[in-house]
Amino acid sequence: MKNVLLSCLLFCCTQLIANQQPISISQHIDFYQQDPKLKFFDSNQVVIKSSTCLAIFDASGDFEKAEQFADSIKATYQAPVCYLIASHGHDDHLLGMAMLQAQFPKAQLVTHLAIAENFSKQQQALANKLAKFNQSIELSEKRLPKLQEKQQQEWQKRIKTAKKRLARWQTLTLDPPAVTIDKNTVLQLGEVELQILPTKVHSGTDLLIYLAKDKVLLGGDVVDQMPYLGEANIPELEVFLNSLKTLEVDTIIPGHGDKFTLAELDISLFFVSSLLNYSRQTIANDWSLERAQNQFDHSKVLPKSPSELETRAAKMFVNAALKNLYQASEK
């Protein structure tokens, strides 16, 4: 689904960016929620504020959004950006850090240690993304002669704009993290204390941030209410989510979707537990993966009155989770 973002290079991003406004969660937290149309394609961002310094949690995987987000930060806040913190290593959370590093060169990138240990993988992902942008432009140019004259004029403008963007972006580099974390760590942001909670339950490279005084948890994709579990350690994720319920929290900000309360973490837990229990039953009954995927009742994990996007995402996410669980059972 993330590949759909490539088409935004030419036509859809500006409108979505213009509609994005921060939500003040607390004295120290501004939440930049992703447009609902991109809920499962791109990540939320959070700005953590102190009197002397800012930290940015996650970066959009859409470079134009990341670029305009950086401009907004410069226009909105007086304090400098000291830290760029990635919740994990997936492209829609980390690759946009290349843009933020270029815009805030003094800021230190903070990641899980596991990301730093194989950082060339992330740098190659950046190179691949830029190459796909170029391929998208070339494909659009090849299609131009097949369009009507009026459409050609419109697409020529879009292609020209896309080429200008890509020319800027080709100079981007993703520099290795300055701070790596693999155990519970306190990071001081001026007068604001960030408790960094590392885990490996979603991607193997996860960081959560707990601000005790604000009673806010920045959970990344670990706490998503309809999480992608294709790479997750699902049994350990269930345990970890239950452990988070011991925190004193008023607001949880996920990697995708709207903020929610600690009580609503049960929605995330239900999604995980439902798939875990279902897979145990189907594996015990010697069902094939295909049968298990086809017979799962998606209505159990969908919100009330789900959107078409949520319905499509649920099927893909459930299938990925079951494949993961079946593969784990064979080890």
Side-chain angles (χ1 to χ4, degrees), residues 1-20 34-45 58-71 86 88-103 119-174 203 221 228 230-231 255-256 307-317 319-320 323:
M1 294 176 74
K2 296 174 185 176
N3 288 339
V4 175
L5 283 175
L6 295 177
S7 62
C8 284
L9 177 68
L10 294 178
F11 59 89
C12 71
C13 298
T14 302
Q15 181 179 356
L16 296 179
I17 293 166
N19 293 335
Q20 188 183 47
Q34 187 53 261
D35 188 285
K37 295 176 183 177
L38 296 178
K39 178 179 178 180
F40 299 109
F41 300 97
D42 204 7
S43 66
N44 295 324
Q45 286 82 55
D58 276 344
S60 171
D62 182 316
F63 285 174
E64 188 184 3
K65 287 196 69 176
E67 194 171 45
Q68 294 198 18
F69 176 69
D71 289 341
H88 61 289
H90 287 169
D91 292 1
D92 55 328
H93 297 260
L94 181 62
L95 289 192
M97 289 297 183
M99 180 65 69
L100 298 186
Q101 285 180 326
Q103 297 290 328
F119 201 69
S120 60
K121 176 182 177 181
Q122 314 299 332
Q123 292 168 322
Q124 184 59 53
L126 173 62
N128 293 343
K129 188 180 185 79
L130 292 171
K132 287 180 180 179
F133 285 159
N134 188 57
Q135 291 170 6
S136 178
I137 293 172
E138 291 177 348
L139 181 60
S140 296
E141 288 181 317
K142 290 180 180 178
R143 289 175 175 170
L144 270 178
K146 300 179 182 179
L147 300 176
Q148 296 179 358
E149 184 176 351
K150 186 176 180 179
Q151 290 177 310
Q152 286 187 17
Q153 292 174 354
E154 177 62 26
W155 274 93
Q156 284 171 344
K157 292 178 182 178
R158 294 176 181 177
I159 291 170
K160 184 177 179 180
T161 300
K163 284 183 175 180
K164 287 182 178 179
R165 293 173 188 155
L166 185 56
R168 296 195 304 271
W169 301 344
Q170 290 283 17
T171 63
L172 293 176
T173 59
L174 187 61
S203 69
D221 289 8
Y228 176 76
E231 300 173 17
H256 301 267
S307 67
E308 181 183 351
L309 179 62
E310 288 170 329
T311 301
R312 288 190 286 118
K315 183 175 181 179
M316 186 179 79
F317 287 10
N319 285 349
K323 181 179 180 181

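Values below: every heavy atom of this structure, side chains too, minus hydrogens, waters and symmetry copies. Everything quoted here is computed from the prediction, not taken from an experiment.
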What pair of heavy atoms forms the shortest contact from [X] to [Y], and how long is it?
X    : Y    : result
L100 : A70  : CD2-CB, 4.0 Å
E141 : P145 : O-CD, 3.6 Å
S203 : G89  : OG-N, 4.4 Å
A59  : S43  : O-OG, 3.4 Å
K65  : S60  : CB-OG, 3.6 Å

Should [X] and [Y] count as side-chain neighbours, where that means a heavy-atom distance under 4.5 Å?
X    : Y    : value
Q103 : D71  : yes
R158 : T161 : no
K129 : D91  : no
Q135 : K132 : yes
L38  : D62  : no

Passing option when F41 is tested against D35, D92, L309 for side chain to side chain contact (heavy atoms under 4.5 Å, CB included):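 Answer to the side chain to side chain contact (heavy atoms under 4.5 Å, CB included) test with F41 among D35, D92, L309: L309.
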
Run the salt bridge (Lys or Arg N to Asp or Glu O under 4.0 Å) test on E67 and R168 for me, step by step, so that the C-alpha distance in whole Å, both residues' side-chain angles and the decisive distance to 0.1 Å come before the verdict. CA-CA 10 Å; E67 194 171 45; R168 296 195 304 271; 2.7 Å; yes

Reported [atom1]-to-[atom2] distance for the pair [X] and [Y], which is rounded to 0.5 angstrom:
X    : Y    : atom1 : atom2 : result
K142 : I137 : NZ    : CD1   : 13.0 Å
Q148 : Q151 : CD    : CD    : 5.0 Å
Q156 : S140 : CD    : OG    : 12.0 Å
Q101 : L172 : CD    : CG    : 9.5 Å
I159 : L144 : CD1   : CG    : 4.0 Å

Stepwise side chain to side chain contact (heavy atoms under 4.5 Å, CB included) check, F63 with L126: CA-CA 11 Å; F63 285 174; L126 173 62; 3.5 Å; yes

Working for side chain to side chain contact (heavy atoms under 4.5 Å, CB included), residues Y228 and D221: CA-CA 8 Å; Y228 176 76; D221 289 8; 6.0 Å; no

E310 backbone acceptor or donor facing K39 side chain under 3.5 Å: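 A pair under 3.5 Å: no.
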
Crowded around Q170 CD? As in, over 12 foreign heavy atoms under 6.0 Å?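 Counting neighbours around CD of Q170, more than 12 heavy atoms of other residues, nucleotides or ligands fall under 6.0 Å, so yes.
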
In terms of the angle between their ring planes, are F133 and W169 parallel, tilted or perpendicular, with boundaries placed at 30° and 60°?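 It falls in the tilted class, 30° to 60°.
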
Describe, in one word, how the ring planes of H88 and H93 are oriented to each other, choosing from parallel (under 30°), tilted (30 to 60°) and perpendicular (over 60°).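 Correct class here is tilted.
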
What do the steps show when you test D58 against N44 for side chain to side chain contact (heavy atoms under 4.5 Å, CB included), and what is the final call? CA-CA 7 Å; D58 276 344; N44 295 324; over 6 Å; no

Apply the test salt bridge (Lys or Arg N to Asp or Glu O under 4.0 Å) to residues E154 and K150: give CA-CA distance (whole Å), side-chain angles for both, the deciding distance (0.1 Å), then the verdict. CA-CA 7 Å; E154 177 62 26; K150 186 176 180 179; over 6 Å; no

Evaluate side chain to side chain contact (heavy atoms under 4.5 Å, CB included) for S120 paired with Q123, printing each intermediate quantity in order. CA-CA 5 Å; S120 60; Q123 292 168 322; 4.3 Å; yes

Would you kindly say whether Q68 and E64 are connected by a side-chain donor-acceptor distance under 3.5 Å?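 Their side chains do contain a donor-acceptor pair, which is all the 3.5 Å distance test asks for.
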
